[in-house]
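Let me begin by presenting the structure, written as structure tokens, before commenting on it.
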Protein chains: 2
Amino acid sequence: MSTDSTSAATTGSPFVLEGRPTAQLIADQLREQIVQGAFLPGQQVNESVLAVQLNTSRGPIREALQRLSQEGILVNKRNRGVFVRELTSEDIREIYAVRQALESTAAQELLDAPPETIEETCSILKDTLAEMAKQVAVSDWPAIARLDMQFHTSFVAGTGNSRLIRSYKTLAAESRMCILNLEVSYPRVDVLVEEHQVLLDLLARRDRKALLRAIRQHMEKAVEDLTTQHDKALGA
Amino acid sequence: MSTDSTSAATTGSPFVLEGRPTAQLIADQLREQIVQGAFLPGQQVNESVLAVQLNTSRGPIREALQRLSQEGILVNKRNRGVFVRELTSEDIREIYAVRQALESTAAQELLDAPPETIEETCSILKDTLAEMAKQVAVSDWPAIARLDMQFHTSFVAGTGNSRLIRSYKTLAAESRMCILNLEVSYPRVDVLVEEHQVLLDLLARRDRKALLRAIRQHMEKAVEDLTTQHDKALGA
DNA sequence: GATCGGCAAATTGTTGACAATTTGGCCAAG
DNA sequence: CTTGGCCAAATTGTCAACAATTTGCCGATC
């Protein structure tokens, strides 16, 4: 914790987890921290210390951790504790295969939706993309990773299909964990913005076939980048 | 577990939730009961009574209920309780749209897998189908519904893609809740076996295109059946 | 010197009690 | 007769203490 500014803990402690849905809040907060790399893969997450850190008891913490375990970003070893999941190249392939399936479906549902739905989605995506470009300029990689997934999540959210969204969000969190480790090996981050811009344009133009192809290529490229990076780190 | 009858308690107690992963056990047990219709849609599920019925405390019960809430078969109203989810026609369309996406992906992954993987999957599917035919003969609808989803789940499981499987299992549970209400309006249950046999044959023949088409049609037909049934019940 | 057995520390799993909140009914006022 | 607020019951949300289990270490023995 400490100074990382942006979100989450913010500050430390003056406020005591305001709000109503407590365990959910903790889960969201933790997910954000994990996904941003505040906890290293394989690291143990201790219930008791979290309880005191967040100024609550182990009950809500436990619920939150269990939730994140079910989402797959934590693993629960019986009577041992929960640990931040370590993702293998195989995991990456799995995640992106499912993402491709869901996002392709989202594309089709979106294109069959009323025009105003498409337009509103495009508008949201445009804003996200603009923000991403801004962060690319200052090379804030965690922010870029966040906006990358926000783009895709908003895309899927445009369908309004709550099951699609629910399934996708889980994968989005896992993807952010992957992307985070990609930082060093990405020579030109601006291609990221371009790639997403292509997706947005194709949606706006309602070019179904090209959009589906672009999604597939986007995913395949990501797997390529992530696995090579991953294997390289492993070999080193 | 005796068939239905009263409900949960059944049992009474000869066995006390043996085993190791307790909360998970409770969740599985509850999911099975809910999905079999032991709890009616909209009905409240009380933590305390479950705790005494299952001879445990509220802690594990709570975890199990939260898990099922996250899966979507229960809904959690803050400070009110958890209730069995009531599915609308819109929900049905959502569920089957995602199922189609995931199952199509599973088909493609399976067809790209080594032959022995396909063969083993076919073998499992064949057994399930045989069992289904048996239950059709005696018109045990809950069993048929269970085997229906077991067929599809095994199909997806054949890919070995754990994310795919995880996402699909959730939808499978929701689907069973839908199918259960379909009983009365299904004049010829044997077409169910035939339909699944077609899917199995196409997988065995590795006919990619036809298999994908069959999956799409299977899902579309299901939505058709389920929504008309649902709307009829609503109108009545 | 290596290995097996037991011991202690740490962590999760479980439990029962207490607090907070929502809901429905009841009573009174208009 | 209707409407408004108050009160009580029921249920979940939270908490702190206790129990069970796993792990790694240390010493004794072969």
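Quick caveat, the model's predicted, so the values are computed rather than measured. In what follows, chains are A, B, ... by sequence order, proteins preceding strands, each numbered from 1.
- Here the P atom of nucleotide D:dT14 and the CG atom of A:Asn55 are 13 Å apart, to the nearest Å.
- Comparing B:Ser48 and A:Ser57 by the nucleotide of DNA chain D that holds the closest heavy atom to each, the one mapping nearer the 5' end is B:Ser48.
- Classification of A:Asp91 and B:Arg163 as a salt-bridged pair holds, one side-chain N sitting under 4.0 Å from a carboxylate O.
- The shortest distance between side-chain heavy atoms of A:His196 and A:Asp148 falls below 4.5 Å.
- The distance from atom CG of B:Asn76 to atom C1' of D:dG13 is 10 Å, rounded to the nearest whole Å.
- Side-chain atoms of B:Arg58 and base atoms of D:dG13 include a donor and an acceptor less than 3.5 Å apart.
- Proximity of B:Asn46 to the phosphate of D:dT12: a side-chain N or O atom is located under 4.0 Å from OP1 or OP2.
- Going from atom CD of A:Gln66 over to atom P of C:dT14 covers 11 Å, rounded to whole Å.
- Within the 4.0 Å cut-off from OP1 or OP2 of D:dC15, at least one side-chain nitrogen or oxygen of A:Thr56 is found.
- Contact annotation: B:Asn79 side-chain N/O to D:dT11 OP1/OP2 distance is not under 4.0 Å.
- Rounded to whole Å, atom C1' of C:dA10 lies 12 Å from atom CZ of A:Phe83.
- Regarding A:Glu63, its CD atom lies at a distance of 11 Å from the P atom of D:dC15, rounded to whole Å.
- To the nearest angstrom, P of C:dT14 lies 10 Å from CG of B:Leu25.
- At C:dG13, one or more side-chain N or O atoms of A:Arg62 fall inside 4.0 Å of OP1 or OP2 (strictly under the cut-off).
- When the C1' atom of C:dG13 is taken as reference, atom CD of A:Glu47 falls 9 Å away, rounded to whole Å.
- Using a 4.0 Å heavy-atom criterion, one finds that B:Gly59 contacts the bases of the nucleic acid, with or without backbone contacts as well.
- Using a 4.5 Å heavy-atom threshold, the side chains of B:Leu30 and B:Leu68 count as touching.
- Nucleotide D:dT12 holds its C1' atom 14 Å from the CD1 atom of B:Ile61, rounded to whole Å.
- Nearest heavy-atom pair, B:Arg31 versus B:Ala173, reported as atom, atom and distance to 0.1 Å: CD-CB, 4.0 Å.
- The phosphate of D:dT14 (OP1 or OP2) has a side-chain N or O of A:Thr22 nearer than 4.0 angstrom.
- Within the 4.0 angstrom heavy-atom criterion, no nucleotide atom of any strand lies near B:Val49.
- The side chain of B:Arg80 places an N or O atom within less than 4.0 Å of a non-bridging phosphate oxygen (OP1 or OP2) of C:dT23.
- Nearest heavy-atom pair, B:Met177 versus B:Val35, reported as atom, atom and distance to 0.1 Å: CG-CG2, 3.9 Å.
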